[in-house]
Protein chains: 2
Amino acid sequence: MTVTTMQETHPTETCLKVSQVLGRIGDKWSLLIVTRLGEGSLRFGQLLRSIDDISQRMLTRTLRGLERDGLVRRTVIATLPPRVEYELTDLGRSLQAPVTVLSNWAAENVSTIDAARASYDAGSAGSQGR
Amino acid sequence: MTVTTMQETHPTETCLKVSQVLGRIGDKWSLLIVTRLGEGSLRFGQLLRSIDDISQRMLTRTLRGLERDGLVRRTVIATLPPRVEYELTDLGRSLQAPVTVLSNWAAENVSTIDAARASYDAGSAGSQGR
DNA sequence: CTGTATCCAACTTGATACTG
DNA sequence: CAGTATCAAGTTGGATACAG
């Protein structure tokens, strides 16, 4: 029962699920972290330096969120000082393919988007010079 | 030089592009609208009723953003009262495939994420009942 | 080293009212 | 019908200081 074979093109339910997912990974840092972790497990400090526009606070918060959603596994090695390793779970790794698809689209179209934006802005308020 | 052939797995530049793109479409409404428009062109009021959790203000703002980024085309038919048709551009339609991939992932994994979250929350603060 | 707590500025969203 | 303006509220992100 409740087979959910996803035959329809774009049912509202699916849209809402995508929105939910984007609510998790669509923030400023999650995808960056998932991508970094996709290359292998990293310690907190390594991630912090690896991304380096991120604040310590946001790294902690984002990692907690990813851990909570089952995308990242957090392993504490209780040494002194403590080590904490972060790595992708199976679920986290399964997200890499969709993200790659989006990455490729982004890489291919960001310049087009930027051009469209510049054009739009020029047409809206740019004709004031004379 | 600066060939950018995208040979590396996940260079930082690509990450930043994805972040940029997510900054556009990763908000609360854009993807919902793009999906709706993927089924055919719609008028403002139709979109408003079609999504119905959205406020008039946010529909306007989101549509403007999508138009600005070249994903949506806005056509004004100057009748009385005026009609405004919205439809996907080629660029907007090219986004549908990546979004579908993400949709499928979302549809397949949202329940897993929800379960992970419930489990995480239970483990963090839930053991207070006894 | 790996966090947590506090304060604060900026951005996002919604409700409401108003306009052509 | 389509859109704008204003205001209030919530959320996000950063800086800083502190703790185990």
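Here is how names work: the chains are called A, B, and so on, in the same order as the sequence lines, proteins then strands, and each is numbered from 1.
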Check each residue of residues 74-88 of chain A for a non-hydrogen atom within less than 4.0 Å of any atom in DNA chain C, then write out the ones that pass by number, or none. R74(A), P81(A), P82(A), V84(A), Y86(A)
Taking five pairs at each terminus, the helix from dC1(C)-dG20(D) to dG20(C)-dC1(D) shows an axis bend, to 10°, of 40°
[X] [atom1] - [N] [atom2] separation (whole Å):
X      : N       : atom1 : atom2 : answer
L59(B) : dA15(C) : CG    : C1'   : 16 Å
R61(A) : dA15(D) : CZ    : P     : 14 Å
D27(B) : dT13(C) : CG    : P     : 6 Å
L22(A) : dT12(C) : CG    : C1'   : 16 Å

Should S30(B) and I33(B) count as side-chain neighbours, where that means a heavy-atom distance under 4.5 Å? no
Between dG14(C) and K28(B), is there an OP1 or OP2 to side-chain N/O distance shorter than 4.0 Å? yes
Taking only side-chain N and O atoms of R43(B), does any of them lie within less than 4.0 angstrom of OP1 or OP2 on dA2(D)? yes
Test log, rule side-chain contact (heavy atoms from CB on, under 4.5 Å), inputs Y120(B) and D69(A): CA-CA 8 Å; Y120(B) 183 94; D69(A) 288 342; over 6 Å; no
Go through it in stages, so that I can follow the logic: the residues are E87(B) and V72(B), the test is side-chain contact (heavy atoms from CB on, under 4.5 Å), and I'd like the CA-CA distance, side-chain angles, deciding distance and then a yes or no. CA-CA 6 Å; E87(B) 63 185 322; V72(B) 160; over 6 Å; no
Quick note, R49(B) side chain, CB onward, closest among dC1(D), dG13(D), dT13(C) is dC1(D)
Measure from the side chain of M58(A), starting at C-beta and using heavy atoms only, and say which of dG14(C), dA2(D), dG14(D) lies closest. dG14(D)
Under 3.5 Å, is there a donor-acceptor pair linking the side chains of R73(A) and T89(A)? no
Letter per nucleotide, 5' to 3', of nucleotides 4-9 of chain D [B base touched, S only sugar-phosphate touched, - untouched; heavy atoms, 4.0 Å]: B-BB--
